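The structure appears right after this line, and notes come after that.
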Amino acid sequence: MSSETKPADFVLRMENISKSFPGIVALDSVRLDVAKGEVHVLMGENGAGKSTLMKILSGIYQKDRGAIYLNGKAVEIKSTKEALRLGISMIHQELNPVKAMSVSENIFLGKEPTHGFLGVVNRKKEREMTQALFLDFGISVDPDAVMEDLSVAEMQMVEIARAVSYDSRVIIMDEPTSALADAEVSKLFEIIRRLVAAGIAVIYISHKMDEIFQIADTITVLRDGQFIESRAAKMFDQDTLVKLMVGRSVGELFPEVRSQKGPVTLEVERLTLGGVFHDVSFKARKGEVLGFAGLMGAGRSEIMETIFGLRKADAGTISVNGKAAQIRSPQDAIAHRLAFITDDRQSTGLNMKVSVKDNITLVALKTFTSFTQVLRPEQENRAVDEEIGVLQIKSRHRDQIVNTLSGGNQQKVVLAKWLLSEPEIIILDEPTRGIDIGAKAEVYKIVARLAEQGRTILFISSELQEVMGMCDRIIVIHRGSISGEFERAEFDREKIVNAAMDNGDYSARRN
């Protein structure tokens, strides 16, 4: 609770909220006080209880014990419909609009304005009401546009407008920037500030530390289903926040990588893809963690996709272990012992509808078939169980459906899938996106171990602290070109940021 906030100012109070599931105490006497017109950030690892608490507030779950007060009045929230009636809306991380309908139809779905007693939907008024909402909150989306034609950022703006259309006084945003570029994040923050200025309270859940300190008025920390701390955001620093969440400091999150740097395993020379990136050259060594930094949209992912054969370069060469490699497809890349952990595990990294086992063995399935192409399940099961053990994947069984795992464990399944193919060169594109700080620490340990085993790691991240904490060397990309290169002894936040924004001089060094 902020020292400037008086109890009378709270639009929402949740007191002694407890919730248990079979064998699990998800929440144990948790409290949350949210003031009118503030951004209240809820922090904690996966499993800390954030989602359970918000599902209780939004009517998805029912609390076992405790009390909820809105504007000082005790309320019982027994359904999502009741939550909306009380002025509580939740914008989920996975957006689910009716894509075949227009923007204005989505916003007023189920509460359409009508032509009086006839009951016919008044589309003109619906459109005008949508335009009025957009004007109030600075949203630039065509009310007549079909939802499926919008970007993720635009869909999110529509969801915000839809929440406001219920006359919501509390809006919950769960990981709202997980799929947004930097410019889109800035636009979202602008809209959030307008919501706050209108007296709406925003409960904001995110794993991105840099965002939190930009937008938060108050921060509440949960750990293991219990309330830990709540105070004004300005009273926290990052190290204090991490310690409260996981019981250790930021510096302790990054393991020391004790790998011996060997010969060059990957050499990229003047790689070019018209309109996307040009003249990209670098070398990576055995046992090296080579970082790639830069702003969203700079071309980092596209470079990696081209190296892995997902895109076709217009010019340039790729060499693996000193020999020219013709990589025209992912199959060619895998044959050259490359692996690619993409930045979107749910869309391109995993088949969310099948088991942990089926995901892990997907790339290396031929390993478990006989010369007659008959699958050998015992060998397959042993290999999967070994990967689950080595990577400490928390699943009830190898046959558990992967979409029931936490984000951190899903990411470990992606890693296991590629490690089973025994790659020499591993591309990690945003490997900790959307996972909590504890799961990040586990991924960092895995990366360090892989480097110590002599693997070459290409590590792409939008979190500068992560790149600086994990990498031996950092290459900075700006608008499709290398704009800076730094050895570990040269790491300097300001210089790297300047290179990402192309504010400094760079003369490319050749290894």
Side-chain angles (χ1 to χ4, degrees), residues 1-17 27-51 53-54 57 68-69 72 169-177 185-186 188-254 436-438 440-441 463-466 468-469 493-494 497:
M1 179 173 85
S2 168
S3 58
E4 294 86 357
T5 305
K6 300 176 182 178
D9 295 329
F10 292 126
V11 65
L12 169 69
R13 302 200 76 170
M14 302 181 78
E15 294 183 350
N16 299 316
I17 303 296
L27 296 172
D28 182 11
S29 298
V30 169
R31 69 178 177 86
L32 179 67
D33 297 327
V34 180
K36 177 181 178 180
E38 76 163 354
V39 179
H40 196 117
V41 172
L42 191 58
M43 296 291 292
E45 297 183 80
N46 285 341
K50 307 184 302 296
S51 294
L53 188 65
M54 291 301 97
L57 180 59
I68 302 173
Y69 300 89
R169 310 319 299 163
V170 178
I171 297 178
I172 305 160
M173 297 186 181
D174 186 7
E175 297 284 355
T177 65
V185 171
S186 297
L188 174 65
F189 284 1
E190 179 186 326
I191 292 171
I192 289 174
R193 292 185 181 104
R194 290 198 186 203
L195 293 172
V196 167
I200 297 170
V202 174
I203 301 175
Y204 189 99
I205 300 172
S206 176
H207 293 120
K208 297 183 178 181
M209 291 285 181
D210 55 339
E211 286 182 5
I212 288 159
F213 290 105
Q214 289 180 57
I215 198 67
D217 296 306
T218 306
I219 299 174
T220 291
V221 180
L222 303 183
R223 186 171 71 224
D224 297 330
Q226 296 184 324
F227 171 88
I228 300 298
E229 182 65 85
S230 186
R231 61 176 93 148
K234 64 186 179 184
M235 297 174 65
F236 285 98
D237 58 33
Q238 185 167 326
D239 200 48
T240 301
L241 188 54
V242 170
K243 281 183 178 178
L244 289 170
M245 289 171 61
V246 299
R248 51 188 158 178
S249 67
V250 172
E252 293 172 323
L253 293 176
F254 300 109
D436 66 63
I437 198 77
K440 286 183 179 183
E463 295 187 32
L464 184 53
Q465 183 176 47
E466 183 171 79
M468 293 175 67
R493 177 178 290 271
E494 184 176 351
V497 169

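What you see is a predicted model; the values in this text were computed from it and never measured.
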Handout entry: From L241 atom CG to Q238 atom CD, the distance as rounded to the nearest 0.5 Å
Key = 7.5 Å
Exercise for the section: Considering non-hydrogen atoms only, spot the tightest contact between L222 and F227 and give its length. Expected result: CD2-CA, 3.8 Å
Exercise for the section: Identify which one of I215, I203, L195 satisfies the side-chain contact (heavy atoms from CB on, under 4.5 Å) criterion when paired with M173. Expected result: L195
Handout entry: Distance under 6.0 Å and angle within 45° of ring axis: R13 vs Y69
Key = no
Completion exercise
Scanning both residues in full, the closest heavy-atom pair of V497 with L464 reads CG2-CD2, 3.7 Å
Handout entry: Intermediate values then yes/no, side chain to side chain contact (heavy atoms under 4.5 Å, CB included), I68 and I17
Key = CA-CA 8 Å; I68 302 173; I17 303 296; 4.1 Å; yes
Practice task
Output yes when a side-chain donor or acceptor of Q226 lies under 3.5 Å from a complementary backbone atom of R223, and no otherwise.
Solution key: no
Exercise for the section: Please check if the side chain of K36 supplies one atom and the backbone of V11 the other of a donor-acceptor pair under 3.5 Å. Expected result: no
Problem - Pairwise distance CG(L244) to OG(S230) - rounded to 0.5 angstrom - result: 11.0 Å
Practice task
Could you walk me through whether M54 and L42 pass the side chain to side chain contact (heavy atoms under 4.5 Å, CB included) test, one step at a time?
Solution key: CA-CA 10 Å; M54 291 301 97; L42 191 58; 3.9 Å; yes
Fill in the blank from the handout: Smallest heavy-atom separation, H40 atom then D33 atom, equals CE1-O, 3.0 Å
Exercise for the section: Evaluate the criterion side chain to side chain contact (heavy atoms under 4.5 Å, CB included) for residue pair V196 and R193; output intermediate values, then yes/no. Expected result: CA-CA 5 Å; V196 167; R193 292 185 181 104; 5.6 Å; no
Practice task
Find the distance between NZ (K50) and CG (L27) and round it off to the nearest 0.5 Å.
Solution key: 11.0 Å
Exercise for the section: Would you mind reporting whether R31 and N16 have side-chain heavy atoms less than 4.5 Å apart? Expected result: no
Completion exercise
Rounded to the nearest 0.5 Å, the CG atom of D239 sits from the CE atom of M209 at a distance of 9.5 Å
Problem - Polar side-chain atom of K208 near backbone of T177 as donor-acceptor pair, under 3.5 Å - result: yes
Exercise for the section: Would you name the heavy atoms of M245 and M43 that are closest together and state the gap between them? Expected result: SD-CE, 3.5 Å
Practice task
Kindly compute the distance separating CG (L12) from CD (E38), expressed to the nearest 0.5 Å.
Solution key: 10.0 Å
Problem - E229 bridged to K243 by N-O distance under 4.0 Å - result: no
Exercise for the section: Let me see the working for L32 and L53 under side chain to side chain contact (heavy atoms under 4.5 Å, CB included), right down to the final yes or no. Expected result: CA-CA 9 Å; L32 179 67; L53 188 65; 4.1 Å; yes
Practice task
List the atom of I205, the atom of P176, and the distance in Å for their closest heavy-atom pair.
Solution key: O-CD, 3.6 Å
Exercise for the section: Mind listing the closest non-hydrogen atom pair of F254 and Q465 along with its distance? Expected result: CZ-O, 3.6 Å
Problem - D28 side chain reached by V30 side chain, heavy atoms, under 4.5 Å - result: no
Fill in the blank from the handout: Taken to the nearest 0.5 Å, the spacing of D174 CG from Y204 OH works out to 10.5 Å
Problem - Side chains of M235 and T218 in contact at under 4.5 Å (non-hydrogen atoms) - result: no
